[in-house]
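Below is one structure, written out as structure tokens, with a few remarks after it.
Numbers restart at 1 for each chain; the letters A, B, ... are given by sequence-line order, proteins then strands.
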Amino acid sequence: MGITGVSLIAFLCVHCYVNSLVFINVESFNDAAHFLGTNLLMHIAEVGLFAGIILHIVQGLMLTFQNQKMRPVGYEINPGNKSSKWYSRSMGLLGTLILLFLVLHLWHFWGPNRYNQITTGEEISLYDKMQATFSELWVVIVYILGCIALAYHLLHGFWSAFQTLGLSTSKYRPIIRGIGYAFSIIVPFIFIMMPIAFYMHWV
Amino acid sequence: MEHYNMNLTLKVWRQKNAQDKGGFETYQVKDISSEMSFLEMFDVLNEQLINEGKEPITFDHDCREGICGACSMHINGQAHGPWAQTTTCQLHMRAYKDGDTIVVEPWRAKAFPVIKDLMVDRRAFDRIIQAGGYISVDTGNAQDANNLPINKDKADESFAAAACIGCGACVASCKNSSAMLFLSAKVAHLALLPQGEPERMSRVTNMVDQMDKEGFGSCTNTEACEAECPKGISVQNIRRLNSEYIRSVFSGDDK
Ligand code: HEM
Ligand code: SF4
Ligand code: FES
């Protein structure tokens, strides 16, 4: 979980960087998207990414269900938020929400683009595609909710991954926590701004 | 602190034996002194039940001074009740006020089956210790003090981990019923000392294997264990356990 989690965090950095180019310069966004969409190395990395996502999901769901079985008789009164954060106890649920969002998200952009590449050899204009997709209010709302789920998943997951890998020593723990909180708020925030910006015609 | 008396409603889990389905019973206790411990309040209730010709409530207790870890009670949704770093025997009735309702349940975990009422079988912990939580040396005569130089900070960290009393509150409070905080304390206090060094790699693999066999869940770092541990065992020990485990996997040592 830790290793795949960190890989997904690395992917998010690239993804967030490329997408935020939209705000700065549409040209450079298209260039970067073209590079990621056509370069052979990137296709190889993409296979790795999908393997990582699937592994993470399968392990995550197995972990969640196995752990649930370890308390066959539950408590009448549960500790609730007295001893732990709600999102740290809801990683399976938050992950599943992200998965649902991910399916919609791939169906919007990745799917049509690859389909076009295979059938016509041409890429589609992802900028135009974003504009069309984010003209519908319900899509914008689903993207916002998806990114909020991602933010909470990372709020626990970022630190948790380093703890699982045994790296959050007393010295580094506060730093890892700090970077984790910043990352979990900033990255989903940038993602959320995209559908909003397109919907509001800011870009 | 001002002394006062209180009347309370208690909802207590009653279960005849491991096979029985069990259920809650409601009891009233009167004139409970704020200076009693929680277990003394249970003694009063049991006295009352005996006088009424009823079966008293079975609960685990031994030292009644916060060092043995026997007094496992889940009180109003928290292991050992509302006070931080406190066992049930050290919880005092001044935590409550007149008219309160208190719900008392046994630890809930697959690996800790109920024996009777509030008493659970915690021998899974003993078996984890037996799998490697010791050092194999011929003791011989007592050595000179300071024969083995040990860093002060290492010694302190080891001592803090060794404070674990094996009470099981970490398992009871964890949403996954994971025993990682307990195991990490047992691994860390030996891994930090030269005496623990020779068996360091085999100890961690053997103890982790035993933990998995006993039916405890896997740690997802919610940190509920640390919040509920009566001895303040830190999750930094889990960090150490994880790195010990990863190291042992790559060390290629035989068990
Ligand atoms: C798509 C469906 C997903 C599911 C079902 C899922 C589920 C889970 C579960 C159950 C955990 C374990 C909880 C824990 O160890 O604390 C977890 C941890 C984690 N997840 Fe996800 N997740 C998903 C997507 C993602 C995505 C897209 C990212 C990318 C940023 C991500 C990043 C992490 C990280 C960093 C951890 C911490 C790893 C660790 O504690 O060892 N997850 N996930
Ligand atoms: S780690 Fe703390 S809560 Fe767990 S058994 Fe030891 S003393 Fe009890
Ligand atoms: S009875 Fe020994 S710790 Fe409570």
Side-chain angles (χ1 to χ4, degrees), chain A residues 1-3 5-6 56 59-95 152-177 180, chain B residues 11 13 15 21-24 74-79 82 84 102-114 153 157 169-179 214-229 234-236 238-247:
Chain A
M1 294 263 51
I3 293 172
V6 171
H56 186 81
Q59 275 191 322
L61 292 176
M62 274 171 55
L63 181 67
T64 306
F65 292 131
Q66 271 167 5
N67 278 343
Q68 274 169 3
K69 275 194 258 159
M70 298 310 182
R71 179 162 292 141
V73 184
Y75 289 109
E76 174 83 0
I77 304 194
N78 280 295
N81 297 333
K82 277 182 200 144
S83 48
S84 59
K85 298 272 195 294
W86 71 267
Y87 50 81
S88 77
R89 284 177 276 120
S90 315
M91 291 298 274
L93 176 68
L94 289 167
Y152 278 112
H153 197 76
L154 287 170
L155 219 44
H156 178 67
F158 192 101
W159 170 78
S160 178
F162 286 89
Q163 176 82 345
T164 302
L165 297 174
L167 300 172
S168 57
T169 55
S170 314
K171 190 168 148 196
Y172 293 118
R173 181 181 145 127
I175 305 172
I176 291 169
R177 282 238 146 151
Chain B
K11 257 184 87 179
W13 183 262
Q15 181 173 336
K21 229 177 127 261
F24 283 98
H74 209 255
I75 304 166
N76 280 349
Q78 275 183 291
I102 307 174
V103 180
V104 188
E105 304 172 70
W107 285 174
R108 297 293 191 193
K110 189 176 153 200
F112 287 164
V114 172
D153 52 349
E157 226 184 300
C170 42
V171 176
S173 309
C174 174
K175 91 177 219 304
N176 311 318
S177 306
S178 167
E214 297 291 350
F216 292 103
S218 306
C219 177
T220 59
N221 301 320
T222 69
E223 300 183 292
C225 51
E226 181 184 278
E228 294 296 346
C229 171
S234 160
V235 292
Q236 283 306 113
I238 297 182
R239 200 284 309 156
R240 185 175 297 280
L241 169 63
N242 287 337
S243 73
E244 289 289 316
Y245 188 76
I246 291 167
R247 196 183 306 205

Original post:
Given that the side chain runs from C-beta out, which part of B:Pro82 has a heavy atom under 4.5 Å from chain A: side chain, backbone, both or neither?
Top reply: neither

Subject >> Side chain / backbone / both / neither for B:Ile246 at chain A, heavy atoms under 4.5 Å >> reply: side chain

**OP:** Look at atom OH of A:Tyr172 and say whether more than 12 heavy atoms of other residues, nucleotides or ligands are closer to it than 6.0 Å.
**Re:** no

Original post:
Going by atom types alone, do B:Ser177 and A:Asn67 pair a side-chain donor with an acceptor below 3.5 Å?
Top reply: no

Original post:
Can you name the closest pair of heavy atoms from B:Ala227 and A:Ser83 and give their distance?
Top reply: CB-O, 3.6 Å

**OP:** Measure the spacing between CE of A:Met62 and OG of B:Ser218 and express it to the nearest 0.5 Å.
**Re:** 9.5 Å

Original post:
Is a side-chain N or O of A:Arg71 found less than 3.5 angstrom from the main chain of B:Ala172, in a donor-acceptor match?
Top reply: yes

Subject >> Exam field: side chain A:Tyr75 to backbone B:His74, donor-acceptor pair closer than 3.5 Å >> reply: no

Subject >> Sub-4.5 Å side-chain heavy-atom contact between A:His156 and B:Asn221 >> reply: yes

Original post:
Does any N or O in the side chain of B:Glu105 come within less than 3.5 Å of the main-chain N or O of A:Glu76, such that one atom is a donor and the other an acceptor?
Top reply: yes

**OP:** Please indicate whether A:Lys85 has more than 12 foreign heavy atoms, meaning atoms of other residues, nucleotides or ligands, lying under 6.0 Å from its NZ.
**Re:** no

Subject >> Closest contact, heavy atoms only, B:Ala109 versus A:Pro72 >> reply: C-CD, 4.4 Å

Subject >> Residues, nucleotides or ligands: over 12 heavy atoms within 6.0 Å of A:Tyr152 OH >> reply: no

Original post:
Under a 4.5 Å cut-off applied to non-hydrogen side-chain atoms, are B:Lys110 and A:Lys69 in contact?
Top reply: no

Original post:
Does A:Gln163 offer a backbone N or O that forms a donor-acceptor pair with the side chain of B:Arg239 under 3.5 Å?
Top reply: no

Original post:
Is there side-chain contact between A:Trp159 and B:Glu223, with at least one heavy-atom pair below 4.5 Å?
Top reply: yes

**OP:** Evaluate the side-chain proximity of B:Thr220 to A:Met91: yes if any heavy-atom separation is below 4.5 Å, no if none is.
**Re:** no

Subject >> B:Phe216, part contacting chain A, at a heavy-atom distance under 4.5 Å >> reply: backbone

Original post:
Nearest 0.5 Å, what's the CD-OG distance between B:Glu228 and A:Ser84?
Top reply: 9.0 Å

Original post:
Between A:Arg173 and B:Val235, is any pair of side-chain heavy atoms under 4.5 Å apart?
Top reply: yes

**OP:** Measure B:Cys225 against the heavy atoms of chain A and call it side chain, backbone, both or neither at under 4.5 Å.
**Re:** neither

